[in-house]
Amino acid sequence: MARAITPGRKAVNTAIGAGIGILIFFPILWTFLTSFKSEATAIADPPVWFFFDWTFENYGAVQERSNYFRHFWNSVIISVGSTVLGLLIAVPAAWAMAFVPGKQTKNVLMWMLSTKMLPPVGVLVPLYLIFRDWGLLDTRTGLVIVLMLINLPIIIWMLYTYFKEIPGEILEAARMDGAGLQSEIIYVLTPMAVPGIASTLLLNIILAWNEAFWTLNLTASNAAPLTAFIASYSSPEGLFYAKLSAASTMAIAPILIMGWFSQKQLVRGLTFGAVK
Amino acid sequence: MTTATLPQSRVRRSWWHRNQIAVTPWLFLAPGILFFAVYVILPIFQSVGISFTQWDGLGAPEPVGLANYRELWDDPAFYTSLRNNVIWLLLYLLAIPAGLFIALFLNQTVTGIRIYKSLFFFPFVISQVVVGLVFTWFYDPAFGLLNIMLGWIGLGPINVLGDPAYVTYGIILAGLWPQTAYCMILYLTGLNAVNPELIEAGRLDNAKGWRMLRHVVLPQLRPATFIAFVVTIIGALRSFDLISIMTNGGPFGESRVLSFYMFEVALSEYGFRMGYGAAIAVVLFLIMLCFIAYFLWSMWREEQGR
């Protein structure tokens, strides 16, 4: 909104904006700082900000208590695996809905999205039983399948939004020029859809990475990803806030770094491509 | 044009070739729909079936008719959980106006908007588990920042997570942190696309402040609002993660929501009463079904009427 604003007003706005920004970012910053404090400094009153003896001992202690890299690796496999598997199923489905819409297309889409609103606990018992019978409990394969299923509505929805932006005339033109379905998809559609697919991929890796409910309930130790690693610090270690902070920092660092570098695609993904 | 390089496909007059354009969409949709059926439809029917039985998950289920539902009707814990569900949903929706107003504010010429966007973006990409742990620590009656700050202004320590009166609100606040940030990003992105000419026209017609927002800006933000609603409601129903990390339903079950109560009954150390758990799930499904149906229907009408 272009409106003449006095420099004074602008300075005030900027200050308030910075205040809100710091307030929202503060919990992350505080956790990060505390992870380098000793346990005694961590609970000091009044709180200590930057000037303390920075130490790495918490990170060592956390690594000793539970193998970070094993959990990290589980997280990578589960989030990437479920997203790729989901895309394999969702790309054709979204293609069908975007380019060959029928009367029921919108209803099918809405129905899929509505399943996302059902509480996952409702399907926990049946799914838990299936997993137990098939020997999938505490396996990465099992988690890949479950996370793929729960994120599938989001993936399809997002891809659909992106695909719809591709003008159908281009496909018509390709068809006129004698392109079969296969070459139409490979040579015309895919190159145009890559940015949308990339955003979807990134966002869903993050969603799967952060998924706590299923990973906590369907794993014990073998397949436990970082969410389980961090959750193990919830009660018994309750008072060791410096170690808790170190573990939290380790758990969220990969995703924050990835998020930082792919911000633009992610924001596109976060807004489902519907908001430009 | 890319079309010049397209490989020429041979024309074969097979059934497949004549009909592939019509058939392929269905083939493409099939795996997606199949998975949904397995993940959504099947468990719902299974839950309904189990809810009429008494079952520990191991032996044979023993049919008990409506006994589970009758027990649920008289169960005070059920009503506490239901009440909390409603509180969650109502308060969570506050993230939308909060996000909108912060976004509107920042959208006025604030220097360094891109940095803010990045900062706000972080809370949303971190796990609910970490959010829960950080806020548990923030609320800690002895060492938490909240009580240190309350101490500065001379207020006694409040054990937010240990007090039945505050506990649900404390957890909701933790959830609102990333949710508000998310709504704000959504609206900031949406505001980029607001047509300046319409704003100008509105100004010529003497629209200011609230009226400008209501009649000129908000209608253009409708796609953002739709997504904000969908994601916020999904978020409110995912309260389970935060509750299990922060309080495990306590104190005295006061922070339970229906999904958490169901989990406790059916799958935790409190007992494996699958039948009773399934009955709670069925009630939950029914409530959600009405709600989702109404919500989607009204959103849908609006989209159509545009």
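Every chain is numbered from 1 and lettered A, B, ... according to where its sequence line falls, protein lines coming before strand lines.
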At a 4.5 Å cut-off on heavy atoms, which part of Ile24(A) comes close to chain B: side chain, backbone, both, or neither? both
Does any non-hydrogen side-chain atom of Asn217(A) lie less than 4.5 Å from one of Phe263(B)? yes
Would you mind checking which part of Val125(B) comes under 4.5 Å of any heavy atom in chain A, side chain (CB onward), backbone (N, CA, C, O), both or neither? both
Residue Trp177(B) versus chain A: region with a heavy atom under 4.5 Å: side chain
Rounded to the nearest 0.5 Å, how far does OG of Ser127(B) lie from CZ of Phe229(A)? 12.0 Å
Is chain B contacted by the side chain of Ile156(A), its backbone, both, or neither, given a heavy-atom distance below 4.5 Å? side chain
Taking atom CZ of Phe261(A) as the centre, does the number of heavy atoms from other residues, nucleotides or ligands within less than 6.0 Å exceed 12? no
About how many Å separate CE of Met184(B) and CD1 of Ile20(A), when rounded to the nearest 0.5 Å? 8.0 Å
Contacts of Leu29(A) meeting side-chain contact (heavy atoms from CB on, under 4.5 Å) (sequence neighbours excluded), chain-then-number -> Phe25(A), Leu33(A)
Apply side chain to side chain contact (heavy atoms under 4.5 Å, CB included) to the pair Trp137(B) and Ser245(A), showing each step before the final yes or no. CA-CA 10 Å; Trp137(B) 169 33; Ser245(A) 300; 3.6 Å; yes
Between Phe240(B) and chain A, which part of the residue has a heavy atom less than 4.5 Å away: side chain, backbone, both or neither? side chain
If I measure from the heavy atoms of chain A, does Ile126(B) come under 4.5 Å with its side chain, its backbone, both, or neither? both
Where on Ile252(A) is there a heavy atom nearer than 4.5 Å to chain B: the side chain, the backbone, both, or neither? side chain
Within this structure, what is the OG1-CG distance for the pair Thr227(A) and Asp241(B), rounded to the nearest 0.5 Å? 9.0 Å
Part of Ile280(B) within contact of chain A (heavy atom distance under 4.5 Å): neither
Taking all non-hydrogen atoms of both residues, which atom of Val130(B) and which atom of Ser248(A) are closest, and how far apart? CG1-CB, 4.0 Å
Top contributor to chain B interface from Gly259(A), Ala90(A), Pro153(A) [non-hydrogen pairs under 4.5 Å]: Pro153(A)
Answer with side chain, backbone, both or neither: which region of Trp30(A) has an atom nearer than 4.5 Å to a non-hydrogen atom of chain B? both
Validation row: Leu133(B), Tyr241(A) side chains within 4.5 angstrom (heavy atoms): no
Heavy-atom contact with chain B under 4.5 Å, split by part of Ala212(A): both
Comparing Leu226(A), Leu88(A), Thr34(A), Val146(A) against chain B, the one with the most heavy-atom pairs below 4.5 Å turns out to be Thr34(A)
